[in-house]
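Below you'll find the structure, written out as C-alpha cells, and then a few comments.
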Amino acid sequence: MGVSEDLLHLYDRMNARFGDLHWWPADGPFEVMVGAILTQNTAWTNVEKAIAALKQRRLLTPLALSRTDEATLAGIIRPSGYYNVKAKRLNAFVRFFLAEYGGSAEAMSAGEILPLREKLLGVPGVGPETADSILLFACRKPVFVSDAYTRRILLRHRLIPADADYHRIQNLFMANLPPDAALFNQFHALLVQTGKTFCRKTPQCAPCPLGTLPKDEGAVPLAGDGGGRPWS
DNA sequence: TTCCGGCAGC
DNA sequence: GCTGCGGGAA
C-alpha cells in the first residue's frame with residue numbers, strides 16, 4: 001500500500017468517527033488570524049476566553065486592534081497565556097495586515113500562495129504553523145497545516161521517521177494528496193480532534209478510531225514521501 | 001501536577 | 001540544541 005492510501009485510510013477512520021468538524025471555529029477570516037496567533041502552544045478553551053474578551057470590547061477588527069495599546073491588549077488576552085508575547089505578535093501582525101492589504105482578507109487571499117507564505121513568515125511571531133493556518137483557514141489556500149498532534153499521530157503509526165521536521169511532514173501530505181483546501185481543512189481538524197481525544201501524551205488506543213499501535217513505537221524510515229517539494 | 005492547535009532568543 | 005513565555009482545565 002502506498003503513502004496516499006495510508007493517509008486516506010487515516011482520514012477515513014477519523015472522518016467516520018468524528019464527521020464534519022467545520023473548522024476553523026471563528027466568525028470571519030480576521031478572527032481566524034487572531035486565533036491562529038493566540039492558540040500557539042495553548043489550549044483552545046483559553047483562546048476562546050481571550051477572543052470573547054476582545055469581541056466584548058469591540059476590538060476584533062484590524063483598525064481597533066492597531067489602536068489598542070500593547071499593555072492594554074495584553075491584559076485583555078490574559079486568559080490565552082503568554083499574553084505579553086502574544087500582544088506584541090498580534091500588534092505586529094495587524095500592522096502588517098493593514099499596511100500590506102488594508103486589513104482586507106480578500107485582498108490578502110488574492111495573492112499567490114508561496115510569496116504570501118514568505119511574507120507571513122516575515123512577520124515576527126508568525127512561524128510555519130501559524131502562517132499555514134492563516135493560508136488554509138483564513139485565505140482558503142490548499143496548504144496542509146501540520147502541528148504537534150499531526151507529528152505525534154504519524155510517529156506513533158510509523159508513517160514518519162523520528163527526526164521528521166515540520167516541512168517534511170507537511171510535504172508528506174501535500175505530495176500525496178490532491179491540493180484541495182476542503183480536504184486539508186477537514187484532515188487537519190480530524191488530526192487535532194484525534195490528538196486531543198485519544199493520541200494524548202499517554203495514548204488512549206482502545207477507543208481510538210485509528211486502532212492500537214505497534215508494540216514498538218519507534219519510527220521506521222518512510223519510503224515514497226514524494227521526494228521533492230510540492231511547491232517552489 | 002501535567003498539558004496545551006509555537007515561536008524566538010540565545 | 002535548550003529555554004522563556006503563562007493562564008486555565010483535566
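This is a predicted model, so every value here is computed, not measured. Letters go in sequence order (proteins before strands), and every chain restarts at 1.
The gap from the C1' atom of B:dC4 to that of C:dG1 amounts to 23 Å, rounded to the nearest Å. Only the P atoms considered, C:dG6 is 16 Å distant from B:dC10, to the nearest whole Å.
Computed from coordinates, the A:Gln170 CD to B:dG6 C1' distance equals 15 Å when rounded to whole Å. The separation between A:Gln40 atom CD and B:dC3 atom C1' is 17 Å, rounded to whole Å. Between A:Asp163 atom CG and C:dG1 atom P there is a gap of 10 Å when expressed in whole angstrom units. The nearest whole Å value for the distance from the CD atom in A:Glu48 to the C1' atom in B:dC4 is 13 Å. Put simply, CD1 on A:Ile51 is 16 Å from C1' on C:dG7, counting in whole angstrom units. One interatomic measurement links the two molecules: CG of A:Asp147 to C1' of B:dC7, which rounds to 15 Å at whole-angstrom precision. For A:Arg152 and B:dG6, the CZ to P distance is 10 Å, given to the nearest whole Å. Between A:Lys201 atom NZ and C:dA9 atom P the separation is 22 Å, expressed in whole Å.
At the heavy-atom level, A:Arg151 lies nowhere under 4.0 Å from the strands shown. Using a 4.0 Å heavy-atom distance criterion, A:Asn46 is classed as a base contact. Among the heavy atoms of the strands, none lies under 4.0 Å from A:Val145. Nucleic acid contact for A:Ala148: sugar-phosphate only, since backbone atoms but no base atoms lie under 4.0 Å from a heavy atom of the residue.
Place A:Leu121 and A:Arg200 on DNA chain B by their nearest nucleotides, and A:Arg200 ends up nearer the 5' end. Comparing A:Thr45 and A:Asn41, the nucleotide of DNA chain C nearest to each residue sits closer to the 5' end for A:Asn41.
A distance-only check finds no donor-acceptor pair linking the side chain of A:Thr39 to the backbone of A:Gly35 [under 3.5 Å]. No side-chain donor-acceptor contact under 3.5 Å links A:Gln170 to the backbone of A:Tyr166. Distance alone, capped at 3.5 Å, is enough to place a donor-acceptor pair between the A:Ser80 side chain and the A:Ile77 backbone.
Across all their heavy atoms, A:Leu60 and A:Lys55 have their closest contact at CD2-CG, 3.6 Å.
Residue A:Thr42 has no polar side-chain atom (N or O) positioned under 4.0 Å from OP1 or OP2 of C:dG6.
Aromatic pair A:Phe184/A:Phe173: centroids not less than 6.0 angstrom apart.
Take A:Asp69 and apply the side chain to side chain donor-acceptor pair (under 3.5 Å) test, not counting sequence neighbours, and it matches A:Thr72.
Taking a 4.0 Å limit (strictly below) on heavy-atom distances, residues 73-92 of chain A reaches DNA chain B at A:Arg89.
Counting only residues at least two apart or on different chains, the side chain to side chain donor-acceptor pair (under 3.5 Å) pairs with a member in residues 181-210 of chain A are A:Asn15-A:Gln186, A:Gln193-A:Thr197.
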